[in-house]
Number of protein chains: 2
Amino acid sequence: MELPRPGSIPEPAVRRLSLYLRELENFQRNNRLTISSKQLGESLRLTDAQVRKDLAYFGQFGRPGIGYRVVDLVSRLRHILGTDRDWNVVLVGAGNIGKALSSYRGFGSKGFNIVAVFDNDASKVGKRLGTFVVRPLSELTRAVQELSARLAILAVPADGAQDVADQLVAAGIRGLLNFAPVSLTVPKGIAVNAVDVAVQLEQLAFQTMLFD
Amino acid sequence: MELPRPGSIPEPAVRRLSLYLRELENFQRNNRLTISSKQLGESLRLTDAQVRKDLAYFGQFGRPGIGYRVVDLVSRLRHILGTDRDWNVVLVGAGNIGKALSSYRGFGSKGFNIVAVFDNDASKVGKRLGTFVVRPLSELTRAVQELSARLAILAVPADGAQDVADQLVAAGIRGLLNFAPVSLTVPKGIAVNAVDVAVQLEQLAFQTMLFD
DNA sequence: ACGTGTGAAGTCGTTCACAGCG
DNA sequence: CGCTGTGAACGACTTCACACGT
């Protein structure tokens, strides 16, 4: 039931795990009881073998001749990915993106709770952002520790991002979701994922040109 | 100078191309004249061999003993990725995410121009969203064609996403950036990229658990 | 018969290591 | 000497194909 030797699992398989979970939650909403690797694969344009192999890295969840029980697989995947616990998340940056994220519904059901919002712009500190009061960066270290926040979302301009990242790491944050268009340098043991919308559009532009 | 046989280029290499360009633009801002594969790789935590191999898929841009001229490489990569032209983009969804994207600075310099915003919520249609007036979905097809929009950003709730995607494809859109937490089905020849913030946090949660 | 789990085979991507240019 | 461009070696990921459980 616990996680198997992590080094042996392909990274792409872990990424797909989140997608399996998302699809399964949809099937669950439709009261689907069981699902085969073929059907789950089709909804994501993957082969059945791929789905079985990915799931098998983490355990034996299916029954030959039947498939996977949706409810069981959902709870197994939630446990593996950690979304059966609560995760306190701090948000740095009260600009456009920060504002959107602070009011995004869809975190809560996954166990992610934004617990504080920070910005170093004096004109924003003290103001409300959704249900939060924006706090100055000087309070960041103390707040991270008092709130036991393990994850952070970084939604600040590019030129301040590395500096804030350093502060977050020093405060004890373990994972960082970076919306700034820069590559961050962090110590080993700190996880970083990046979302760069401009890069995504660039990739789309390239892909569409291939068909002309 | 034109794009080489596309099928022969690894997909991950294309993704990294955008990151190379982003870093190079930073170096350019700092008036850096030339850069080696080693230095470019270090800024992104990649090996020098990886950088050289990736760039070599698209041409011979460097000079032995010297490295790459930053200005040249930037303009080459822009041309390859298509950001040396203009791309008209329509945005569907005037909620939190749509609002943030409509005022995001950082698209323009990459050649991406949002040219219209749509929503099917009657309470939003007609209202301003930044500099845009929100238009009803019924105008989408006509607008896409009149504005020659080739890309679309989808920032609507999950349950409406596939439906809107179908309309966008029918209207002639060639690439789709999907912020809704569902997997979209589109015809061959249409490019889709997805951004799911909850999935990103899930991956961070998993990665941080590996170190405990 | 249906469908999983899994070694084995095959494909794809990365790293190595070096010839050759500046 | 520094550094690129690139075949060859290596390793990682995916697909195949089948034994086995239901």
Side-chain angles (χ1 to χ4, degrees), chain A residues 1 4-20 23-24 27 32-74 76-77 80 203 206 210, chain B residues 1 3-20 23-24 27 32-74 76-77 80 203 210:
Chain A
M1 176 66 167
R5 47 261 113 108
S8 62
I9 298 169
E11 206 183 288
V14 178
R15 282 200 297 271
R16 285 189 296 268
L17 226 53
S18 284
L19 303 181
Y20 297 147
E23 292 303 306
L24 286 163
F27 282 113
R32 180 72 175 263
L33 294 181
T34 68
I35 191 166
S36 69
S37 56
K38 187 143 181 294
Q39 295 163 327
L40 183 50
E42 270 164 11
S43 72
L44 289 162
R45 306 197 144 163
L46 302 170
T47 66
D48 53 338
Q50 177 87 80
V51 173
R52 289 199 300 279
K53 183 68 92 174
D54 285 346
L55 296 177
Y57 285 121
F58 297 91
Q60 308 196 161
F61 304 138
R63 311 225 314 208
I66 307 291
Y68 302 86
R69 281 198 54 209
V70 176
V71 190
D72 286 358
L73 192 48
V74 164
R76 298 296 196 97
L77 293 184
I80 292 164
Q203 293 286 307
F206 178 83
L210 295 181
Chain B
M1 176 63 167
L3 305 177
R5 46 264 119 100
S8 62
I9 299 169
E11 206 183 290
V14 178
R15 282 200 296 270
R16 284 188 296 267
L17 225 53
S18 285
L19 302 181
Y20 297 147
E23 292 303 308
L24 286 164
F27 283 112
R32 181 71 173 263
L33 293 182
T34 68
I35 190 166
S36 69
S37 58
K38 186 142 182 293
Q39 295 163 327
L40 183 50
E42 269 164 11
S43 71
L44 289 162
R45 305 196 144 166
L46 301 170
T47 66
D48 55 337
Q50 178 85 81
V51 173
R52 288 199 301 279
K53 183 69 95 173
D54 286 346
L55 297 177
Y57 285 121
F58 297 91
Q60 309 196 160
F61 305 138
R63 312 221 316 205
I66 308 290
Y68 302 86
R69 281 198 53 209
V70 175
V71 190
D72 286 358
L73 193 47
V74 164
R76 298 297 196 96
L77 293 183
I80 292 164
Q203 293 286 308
L210 295 180

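Everything numeric in this text was worked out from a predicted model, so none of it was measured. Below, read A as the first sequence line, B as the second, and so on, with proteins coming before strands; counting in each chain starts at 1.
Side-chain nitrogen and oxygen atoms of R16(B) include at least one within less than 4.0 Å of the OP1 or OP2 phosphate oxygen of dT14(C). Checking the phosphate oxygens (OP1, OP2) of dT14(C), no side-chain nitrogen or oxygen of Y57(B) falls inside 4.0 Å.
Residue-to-nucleotide proximity on DNA chain D shows that, of P64(A) and D54(A), the 5′-proximal contact is made by D54(A).
dT4(C) atom P lies 14 Å from atom CG of D72(A), rounded to whole Å. At whole-Å resolution of the value, CD in Q50(A) and C1' in dG5(C) are 15 Å apart. Spacing between atom CG of D48(B) and atom P of dC18(C) amounts to 15 Å, rounded to whole angstrom units. If you take CZ of F61(A) and C1' of dG3(C), they are 17 Å apart, rounded to a whole angstrom. Summarising the geometry, the separation between NZ on K53(A) and C1' on dA9(C) is reported as 11 Å, rounded to the nearest angstrom. If you measure from atom CZ of R69(B) to atom P of dG22(C), you get 16 Å, rounded to the nearest angstrom. The separation between R52(A) atom CZ and dG7(C) atom P is 14 Å, rounded to whole Å. The distance from atom CZ of R63(B) to atom C1' of dG22(C) is 8 Å, rounded to the nearest whole Å.
Shown here is R69(B), whose CZ atom has no more than 12 heavy atoms of other residues, nucleotides or ligands within 6.0 Å. Counting non-hydrogen atoms of neighbouring residues, nucleotides and ligands closer than 6.0 angstrom, the CZ atom of R63(B) reaches no more than 12 such neighbours.
Residues forming a side chain to side chain donor-acceptor pair (under 3.5 Å) with Y20(A) (at least two apart in sequence, or on another chain): D54(A). Legend: residues meeting side chain to side chain donor-acceptor pair (under 3.5 Å) with S36(B), ordered by chain and number and at least two apart, are Q39(B). Under the rule for a side chain to side chain contact (heavy atoms under 4.5 Å, CB included), the partners of S43(A) that lie at least two apart in sequence or sit in another chain are E23(A), F27(A), L40(A). When the side chain to side chain donor-acceptor pair (under 3.5 Å) test is applied to E11(B), the partners found at least two apart in sequence or on another chain are R15(B). Take A49(A) and apply the side chain to side chain contact (heavy atoms under 4.5 Å, CB included) test, not counting sequence neighbours, and it matches T47(A), R52(A).
The listed nucleotides are dC21(C), dG3(C), dG13(C); the one nearest the side chain of P12(B) is dG13(C). Nearest nucleotide to the side chain of A49(B), out of dG5(C), dC16(C), dG3(C): dC16(C).
From the 5' end on, the contacts that DNA chain D makes with chain A at under 4.0 Å to a non-hydrogen atom open and close at dC13(D) to dT22(D).
Side-chain contact check for L17(B) versus F58(B): some heavy-atom pair is nearer than 4.5 Å.
Against DNA chain D, the stretch residues 36-47 of chain B makes heavy-atom approaches under 4.0 Å through S36(B), S37(B).
Sorted by first and then second residue, the salt bridge (charged side-chain N to carboxylate O under 4.0 Å, His left out) pairs with a member in residues 34-45 of chain B read K38(B)-E42(B); sequence neighbours excluded.
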